[in-house]
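The block underneath contains the structure these notes are about, expressed in structure tokens.
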Amino acid sequence: MSVAATRLHLASDVDLPLQTHLDELSARLGRLLALLTAAIILSWYWIDALLEAYLQQLSPCADCIIVYSPTEWVGLRWLSILLLACLLTTPFAFRELIRFSDPGLMRDERDWLRRLLVIGSMLGGGVVGFTLWVLLPDLFLTAETTGQIPGVS
């Protein structure tokens with residue numbers, strides 16, 4: 001039995017050369033990179049206000065002063081900018097992934113992929129949000145009240 005006889009062919013299937021798929025992938029990744037660059041530039045303007053609000057929430061005491069070395073602050077700022085830009089571009093990346101894989105998937109597979117991306121991003125966002133806004137402030141408050149953890153003040 002030949003390999004061609006074992007493949008599933010639908011009436012709507014079209015055999016395209018590999019270069020066509022690579023060209024389409026390259027175009028989609030280029031658009032995603034351009035959008036990520038724009039999101040990084042946009043995040044640059046918001047990051048100071050967002051970091052100030054978050055660090056204020058993270059601080060266990062109201063009269064504490066948070067001091068960072070310049071290299072720590074630059075690292076924190078750039079990491080926050082990159083994370084915010086990735087968060088902003090995730091829906092577009094999922095859209096591009098679905099559109100790129102759409103012609104090769106059957107309807108059930110397409111629905112499964114969409115559900116996976118929606119539910120997975122909601123669960124992932126929920127875990128990250130819970131960690132950043134609930135768990136970390138509580139851990140910092142606990143460390144501040146016990147006062148026995150070295151390096152936490």
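- Cluster membership check: Val128 does not share its hydrophobic cluster with Leu116, using side-chain heavy-atom separations under 4.5 Å among Ile, Leu, Val, Met, Phe, Trp and Tyr.
- Taking CZ from Arg95 and OG1 from Thr89, the interatomic distance works out to 13.5 Å, rounded to the nearest 0.5 Å.
- The side-chain contact (heavy atoms from CB on, under 4.5 Å) search around Leu79 returns Leu83, not counting sequence neighbours.
- To the nearest 0.5 angstrom, Asp111 atom CG is 10.0 Å from Leu105 atom CG.
- Applying the side-chain contact (heavy atoms from CB on, under 4.5 Å) test to Ser43 and every residue at least two apart in sequence or in another chain returns Ile81, Leu84, Ala85, Leu88.
- To the nearest 0.5 Å, atom CG of residue Leu18 and atom CG of residue Asp23 are 9.5 Å apart.
- Trp78 is connected to Leu82 through a chain of hydrophobic side-chain contacts under 4.5 Å among Ile, Leu, Val, Met, Phe, Trp and Tyr, so both are in one cluster.
- Not counting sequence neighbours, the partners of Ala93 by the side-chain contact (heavy atoms from CB on, under 4.5 Å) test are Leu32.
- The CG atom of Leu25 sits 12.5 Å away from atom OG1 of Thr20, with the distance rounded to the nearest 0.5 Å.
- Side-chain contact between Ser101 and Leu113 is present, with heavy atoms from C-beta onward closer than 4.5 Å.
- Residues passing the side-chain contact (heavy atoms from CB on, under 4.5 Å) test with Phe130 are Val134, Leu135, sequence neighbours excluded.
- Applying the side-chain hydrogen bond (donor to acceptor under 3.5 Å, both in side chains) test to every pair with at least one member in residues 44-55, sequence neighbours left out, gives these pairs: Asp48-Arg77.
- Under the side chain to side chain donor-acceptor pair (under 3.5 Å) criterion, Glu72 pairs with no residue at all, not counting sequence neighbours.
- In the hydrophobic clustering of this structure, Leu76 groups with Trp133; members are Ile, Leu, Val, Met, Phe, Trp, Tyr whose side-chain heavy atoms approach within less than 4.5 Å, directly or through other members.
- Remark: Glu24 pairs with Arg28 by the side chain to side chain donor-acceptor pair (under 3.5 Å) rule, at least two apart or across chains.
- Closest approach of Pro137 and Leu132 over heavy atoms only: CD-O, 3.4 Å.
- Applying the salt bridge (Lys or Arg N to Asp or Glu O under 4.0 Å) test to every pair with at least one member in residues 118-137, sequence neighbours left out, gives no pairs at all.
- Going from atom OG of Ser80 over to atom CG of Leu50 covers 9.0 Å, rounded to the nearest 0.5 Å.
- Between the side chain of Ser26 and the backbone N or O of Leu22 there is no donor-acceptor pair closer than 3.5 Å.
- Pairs engaging residues 126-143 under the salt bridge (Lys or Arg N to Asp or Glu O under 4.0 Å) rule: none recorded [sequence neighbours left out].
- Legend: residues meeting side chain to side chain donor-acceptor pair (under 3.5 Å) with Arg31, ordered by chain and number and at least two apart, are Glu96.
- For the ring pair (Phe, Tyr, Trp, His ring centres under 6.0 Å) condition, no pair includes a residue of residues 93-112, sequence neighbours left out.
- Linking ILVMFWY side-chain heavy atoms closer than 4.5 Å, directly or via other members, places Val127 and Val118 in two distinct hydrophobic clusters.
- Partners of Thr71 under the side chain to side chain donor-acceptor pair (under 3.5 Å) rule, at least two apart in sequence or in another chain, are Ser69.
- Hydrophobic clustering of Ile, Leu, Val, Met, Phe, Trp and Tyr side chains at less than 4.5 Å, counting indirect connections, unites Leu55 with Leu136.
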